[in-house]
**Q** 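Shown below is the structure under consideration.
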Amino acid sequence: MLKDAKNILAQIPSSVTYADVRIVNQNSEDIATKDGVVEALQSNHSLGYNVRILKDGVWGFAASHDMSESGIDATIKKAMSIAAASAPYKIDDVQLDDQKPIKDTYKTPIKEDPFTVPMEEKMELLLKADNAQRVSEKIAVSQAMYHANKEHKYFVSTLGSEIDQEIIWTGAGIEATAVEGSDLQNRSYPNSFRGQNQTRGYELVRGLDLVGHAPQIAEEAVKLLSADTCPTGEFDIILDGNQLALQIHESCGHAVELDRVLGYEASYAGTSFLTPEKLYEFQYGSSIVNLTADATIPGGLGTFAYDDEGTPAQRTYLVKEGMFQDYITSRDTVKKLQNRNPKYQNRTSNGTVRASSWNRLPMIRMTNINLEPGGEEGTGKGWSLDELIADTKYGIFMSTNRSWSIDDKRYNFQFGTEIAWEIKEGKLGRMLKNPTYQGITPEFWNSCDAICGRDEWTVWGTPNCGKGQPSQVMYTGHGASPSRFKKVKVGVVKW
Amino acid sequence: MLGQTKLKKIAEKVLKLSKADQTEVLLSVSEDALTRFANNHIHQNMAWNNLGISVRVIYGKKIGVASTNAFDKESLKDVVERASTLAKLQSPDPNFQSLPTPLSTPEVDKEVFKATEEEMASSVHTVIKQAQAEGLIASGAYANDVSEFAVANSLGVWAYHAGSSCNLSTIVLGKNSSGFAADVARKSSEVDAQTVGQVAVQKTLESKDPESIEPGEYEVILEPQAVSEMMAFLQWYGPNARIYHENASPLSGQMGKQVFGNNITLIDDPFHEKVFPMPFDFEGQPKRKITFVEKGILKNIAYDSYYAKKYGAKNTGHALPAPNTMGPIPLHFYIAPGDKTRDEMIRSVKRGLLVTRLWYVRVLNPKALNVTGMTRDGTFLIENGKIVKPVMNLRFNQSIPKALNNVVAIENKLTQLASFEGEMISLAPTLHIRKWEFSSGTLF
């Protein structure tokens, strides 16, 4: 299909400053069980292409499923007329960074193609994991889910780039819901909201042991019904890696998207407090906090070889030893940033632009945004979770996200987790239900005083990141290990 | 657009290709465009078209679903084969009884209107000019959606609808304030860009230099946008047969009982004069006006064919596309208007907050329907019946059922509110609520 993409590109009038074409062929399959029955069994396919042109200093974008000659002609003409309609109202010209053409192919390295594993086998596994949650009459709902996605992208541009890329990712998880009277409690494994997701094959699902973990999480859901409510106050908290992943996503990942920072997402999810003058000057976190955007981590859900502008995948420090260091960028936003902050001169896109489908505009998206593990350069001691708990006089250990919310500049956040345990004199004590915590992003990250080491570091997948108009749901990853934060406002909700 | 005759032929072809006991086909055709602006200029401008076909096949009680976005012969054959293969591998769903049989669906206007890119850019510029005149920054989006949708099944169901919408929304930014406004209409000529710009600019100017305020319990006036953002969660977690019967809804087990204040009546009306009509659901079953809560008493919940048969209830026409793991959901849900004007409500507040919008609302516990979120784009302190100053945004943690048991007054009219995309309109009045729990502030 690279040939088809080149054919479309060749038909774009030479009057454009720049153009690229993406053909995307997407296949996915889903299985969802509920209460011992396969509730959803689905196979999806979508194929289409888009034409993105830069003409007279403005972008034009059109996409279609119709790959006939007349369809291609109409799509190109539409992109041209859209650019012509925008041009009279421009305030400046879009400028792109300098890039070299790339010709390459890439395929996610996997051990076992999830699409070739017999469907019966996958259903049987989920049904077993679903049924194994029935440990009590108080379990109102038992669920198991599996998803696999194969996205073949063909990218060509007037720079001369020709990139053939196949991204495969897989996910699975289980969730038990216990109900008693007016109380409802959930427990999920290995994570809430669609389990764990990675750019790996079916080996990911095999390694999760969903069936083995099902009774334990169901028992925890039942125990939560009679557990004490998380106390209210300012406490030290330890966040498990699966919760910290979403904390990173909301308070760092979205905050460093340069299009958001420059106001281009203001009309939807808002802007960011990390304004350009703060670059290199702002103490985002404590001195052990190192946050990276790394699209090269094997297995990360935000891992690829090239972004949807043809820029190579990269590893970038966003925060280094607490200091705000960089944004995630695109070819056109780096130029705008250079105009706002001269220290950013000579930088090019760090390769984070992706589109959720052939019919969506490529835009800055998180890749794998990570809190680097303890025990490495500039990250302090590499604690084990046991050591961290033993080092905590009084605190709350919180695991597995249940709710999340953040304001439209990414300052004030509140998270709830499915479960927590009280820590007293270095020991894990009573189970606590309905844990919540709240904070202001830089204050929170500056209170981080310990991060567990690489042995406990996992790249968690967040397959449901929403952004843009029309909305795009993107798959992103977050490397995290359990970490401690001092004097955090806990138990903020009156239950 | 392909038109009813062509789509019906495609559906018939698919039904003929299937050897299953029962087969359902959903067809969609879309031609969409969106002009997005920020920093007082258009930065994203796009158009796209697509087809959609989703096939649900049933062998006995075994169900499989497959989809694709092409209508050629090979693709139709492939999608039926994939769905059939999955169904044959399935284990039977003991609760499944049958796809629905045909019922006549109401006739509604099917005329569609396409906006040109020039019309969209011009409306956007109307908003931008007003922001620029006040030294402010406009951002927003103008979406034009045109679509056809059809449902057919092997028991004789055939339902077809076409619709379109034009939706212009903006957030205008000042140095330390912002304002939101939107308009939605069937035709681009009916979109009032001038008023959208004026309202958003006015809100931005009024909310300039906000002061911080102590969090705590406040009386609130929630404007329609905020009410709609709150009610979306009751719509999903409230009268939903799946969640209701799982005992996971705040309404579970409350049929016939007083669930909200006696001034609350909740209606689902897909034919209300202010919404774009939706004559049938995603199983081709007719929709109708239903009162879910009358004077605070729970009267009905939403069913599709699956849950209606499972629980011996009547199908209310609230199916979503298969496979639906969320349950049947009312999509045209609103609080019936009351008898007060917005200004009368403000005048009756001794000390409280006027809230324009809620933001990033998320459920803390679906059973209690506690939600958290932020205020956004204009929050104001009311003292002794007057708006006295803008205040910084606040985080709230609030039970929706408790709020609906504390409604002091309801506005005497419903405002049309568009979703950010698509052809859905929600309706909401302004609400005066006695108690609303704010737990913390932010820095702007």
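By convention in this document, chain letters (A, B, ...) are assigned in the order of the sequence lines, proteins followed by strands, and residues within each chain are numbered from 1.
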**Q** Examine whether an atom of Asn69(B) lies under 4.5 Å from a heavy atom of chain A, and if so say whether it belongs to the side chain, the backbone or both; otherwise answer neither.
**A**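 Contact with chain A is through both the backbone and side chain of Asn69(B).
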**Q** Does a salt bridge link Lys122(A) with Glu29(A), judged by any charged N lying under 4.0 Å from a carboxylate O?
**A**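 The answer is yes: the pair qualifies as a salt bridge.
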**Q** Taking the six-membered ring for Trp, is the centroid-to-centroid distance between Phe444(A) and Phe413(A) below 6.0 Å?
**A**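 Centroid separation for Phe444(A) and Phe413(A): below 6.0 Å.
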**Q** Using a strict 4.0 Å threshold on nitrogen-to-oxygen distance, state whether Asp183(A) and Lys433(A) make a salt bridge.
**A**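 The answer is yes: the pair qualifies as a salt bridge.
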**Q** If you tally heavy-atom pairs under 4.5 Å against chain A, which of Gly441(B), Gly52(B), Ala138(B) wins?
**A**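 Max contact count across the listed options: Gly441(B).
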**Q** Between the side chains of Asn144(B) and Glu119(B), is a donor N or O closer than 3.5 angstrom to an acceptor N or O?
**A**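 Their side chains do not contain a donor-acceptor pair, so the 3.5 Å distance test is not met.
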**Q** So what's closer than 4.5 Å to chain A heavy atoms on Leu173(B): side chain, backbone, both or neither?
**A**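 Leu173(B) touches chain A through side-chain heavy atoms alone.
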**Q** Do you see a donor-acceptor pair shorter than 3.5 Å between the side chains of Thr33(A) and Asp130(A)?
**A**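 A pair is found: one side chain offers a donor N or O, the other an acceptor, under 3.5 Å apart.
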**Q** In terms of heavy-atom pairs under 4.5 Å with chain A, which of Met120(B), Lys62(B), Arg56(B), Glu246(B) leads?
**A**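 With the most close heavy-atom pairs to chain A, the winner is Glu246(B).
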**Q** Please find out if less than 6.0 Å separates the ring center of Tyr89(A) from that of His41(B).
**A**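 No, the ring of Tyr89(A) stays outside the 6.0 Å limit from the ring of His41(B), centre to centre.
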**Q** How long is the gap from CG on Asn393(B) to CZ on Phe438(B), to the nearest 0.5 Å?
**A**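 Asn393(B) atom CG to Phe438(B) atom CZ measures 10.0 Å (nearest 0.5 Å).
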**Q** Answer with side chain, backbone, both or neither: which region of Asp78(B) has an atom nearer than 4.5 Å to a non-hydrogen atom of chain A?
**A**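 For Asp78(B), there is no contact with chain A at all, as no heavy atom is under 4.5 Å.
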**Q** Among Ser182(A), Ala140(A), Gly416(A), which residue has the highest count of heavy-atom pairs closer than 4.5 Å to chain B?
**A**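 So the answer, after comparing Ser182(A), Ala140(A), Gly416(A), is Ser182(A).
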**Q** Among Met123(A), Lys90(A), Gln438(A), Lys489(A), which residue has the highest count of heavy-atom pairs closer than 4.5 Å to chain B?
**A**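 Maximum pair count with chain B is reached by Gln438(A).
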**Q** Is it the side chain or the backbone of Asn95(B) that comes within 4.5 Å of chain A heavy atoms, both, or neither?
**A**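 Answer is neither: Asn95(B) stays 4.5 Å or more from chain A.
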**Q** Between Trp59(A) and Asp332(A), does any side-chain donor sit less than 3.5 Å from a side-chain acceptor?
**A**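 Looking only at side-chain atoms, Asp332(A) and Trp59(A) do form a donor-acceptor pair, the distance falling under 3.5 Å.
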**Q** So which part of Asn370(B) gets closer than 4.5 Å to some heavy atom of chain A, the side chain, the backbone, both or neither?
**A**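 Just the side chain, heavy atoms under 4.5 Å.
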**Q** Hydrogens and angles aside, do His147(A) and Asp30(A) bring a side-chain donor and acceptor to less than 3.5 Å of each other?
**A**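 Looking only at side-chain atoms, Asp30(A) and His147(A) do form a donor-acceptor pair, the distance falling under 3.5 Å.
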**Q** Just so I understand: if I count every heavy-atom pair under 4.5 Å between each of Gln143(A), Arg402(A), Met363(A), Gln414(A) and chain B, which residue has the most?
**A**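 Top count of heavy-atom pairs under 4.5 Å with chain B: Gln414(A).
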**Q** Under 6.0 Å between ring centres: does that hold for Phe193(A) and Trp404(A)?
**A**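 Yes, ring centres under 6.0 Å apart.
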**Q** Side chain from CB out, backbone as N, CA, C, O: work out which of these in Ala32(A) comes under 4.5 Å of a heavy atom of chain B, or both, or neither.
**A**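 It is the side chain, since no backbone atom gets that close.
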**Q** So which part of Ile128(B) gets closer than 4.5 Å to some heavy atom of chain A, the side chain, the backbone, both or neither?
**A**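 The answer is neither part of Ile128(B).
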**Q** For Gln398(B), is it the side chain, the backbone, both or neither that has a heavy atom under 4.5 Å from a heavy atom of chain A?
**A**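 For Gln398(B), neither part sits under 4.5 Å from chain A.
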**Q** Should Glu265(A) and Arg36(B) count as an ion pair when the cut-off is N to O under 4.0 Å?
**A**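 Yes.
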**Q** What option among Val37(A), Asn50(A), Ile82(A) has the most heavy-atom pairs under 4.5 Å with chain B?
**A**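 If we count pairs closer than 4.5 Å to chain B, Ile82(A) comes out on top.
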**Q** Give the ring-plane orientation class for Trp436(B) versus Phe396(B), where under 30° counts as parallel, over 60° as perpendicular and anything between as tilted.
**A**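 Judged by the thresholds at 30° and 60°, the geometry between Trp436(B) and Phe396(B) is tilted.
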**Q** For Leu127(A), is it the side chain, the backbone, both, or neither that has a heavy atom closer than 4.5 Å to a heavy atom of chain B?
**A**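 Only the side chain of Leu127(A) comes within 4.5 Å of chain B.
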**Q** Please classify the contact of Pro94(B) with chain A as side chain, backbone, both or neither, using a heavy-atom distance under 4.5 Å.
**A**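 It is the side chain, since no backbone atom gets that close.
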**Q** For chain A, which of Leu443(B), Ile137(B), Asn247(B) has the most heavy-atom pairs under 4.5 Å?
**A**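 Option with the top pair count is Leu443(B).
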**Q** Chain B heavy atoms under 4.5 Å from Glu121(A): which part of the residue, side chain, backbone, both or neither?
**A**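 For Glu121(A), there is no contact with chain B at all, as no heavy atom is under 4.5 Å.
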**Q** Just by distance, do the side chain of Thr75(A) and the backbone of Gly71(A) share a donor-acceptor pair under 3.5 Å?
**A**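 Side chain of Thr75(A) to backbone of Gly71(A): a pair is present.
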**Q** Which atoms of Lys409(A) are under 4.5 Å from chain B, going by heavy atoms: the side chain, the backbone, both sets, or neither?
**A**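 Both parts, backbone and side chain.
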**Q** Have Thr35(B) and Asn45(B) got a donor and an acceptor in their side chains that come within less than 3.5 Å?
**A**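 Thr35(B) vs Asn45(B): donor-acceptor pair found between side chains.
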**Q** Identify which part of Ser122(B) has an atom lying under 4.5 Å from any heavy atom of chain A, answering side chain, backbone, both or neither.
**A**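 Both parts, backbone and side chain.
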**Q** If we define contacts as heavy-atom pairs under 4.5 Å, which of Asn40(B), Asn49(B), Asp93(B) has the most with chain A?
**A**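 With the most close heavy-atom pairs to chain A, the winner is Asn49(B).
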**Q** If I measure from the heavy atoms of chain B, does Ile440(A) come under 4.5 Å with its side chain, its backbone, both, or neither?
**A**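 The side chain, not the backbone.
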**Q** Considering only heavy atoms and a distance below 4.5 Å, find which of Val124(B), Ile63(B), Ile42(B), Leu86(B) pairs most often with chain A.
**A**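 Maximum pair count with chain A is reached by Leu86(B).
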**Q** Count the heavy-atom pairs under 4.5 Å between each of Tyr264(A), Trp358(A), Phe61(A) and chain B, then report the option with the highest count.
**A**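 So the answer, after comparing Tyr264(A), Trp358(A), Phe61(A), is Tyr264(A).
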**Q** Considering only heavy atoms, which portion of Val38(A) lies under 4.5 Å from any heavy atom of chain B: side chain, backbone, both, or neither?
**A**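 When you check distances to chain B, atoms from both the backbone and side chain of Val38(A) fall under 4.5 Å.
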**Q** Indicate whether any N or O donor in one side chain lies under 3.5 Å from an N or O acceptor in the other, for Gln472(A) and Arg360(A).
**A**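 Judged by distance alone, the side chains do not pair up.
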**Q** Go through the atoms of Thr170(B) and report whether side chain, backbone, both or neither lie under 4.5 Å from a heavy atom of chain A.
**A**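 Neither; nothing under 4.5 Å.
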**Q** Has Lys310(B) got more than 12 heavy atoms of other residues, nucleotides or ligands less than 6.0 Å from its NZ?
**A**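 More than 12 within 6.0 Å, yes.
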**Q** Name the option with the most non-hydrogen atom pairs under 4.5 Å to chain A; the candidates are His43(B), Gln44(B), Glu31(B).
**A**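 Sorted descending by pairs with chain A, the first entry is His43(B).
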**Q** State the CE-OG distance between Met119(A) and Ser43(A), to the nearest 0.5 angstrom.
**A**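 The distance works out to 7.0 Å.
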**Q** In terms of heavy-atom pairs under 4.5 Å, which option from Ser81(A), Gly48(A), Pro118(A) contacts chain B the most?
**A**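 Looking at each of Ser81(A), Gly48(A), Pro118(A) in turn, Ser81(A) comes out on top.
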**Q** Quick one: what part of Ala84(A) sits under 4.5 Å from any heavy atom of chain B, side chain, backbone, both or neither?
**A**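 Interface part for Ala84(A): neither.
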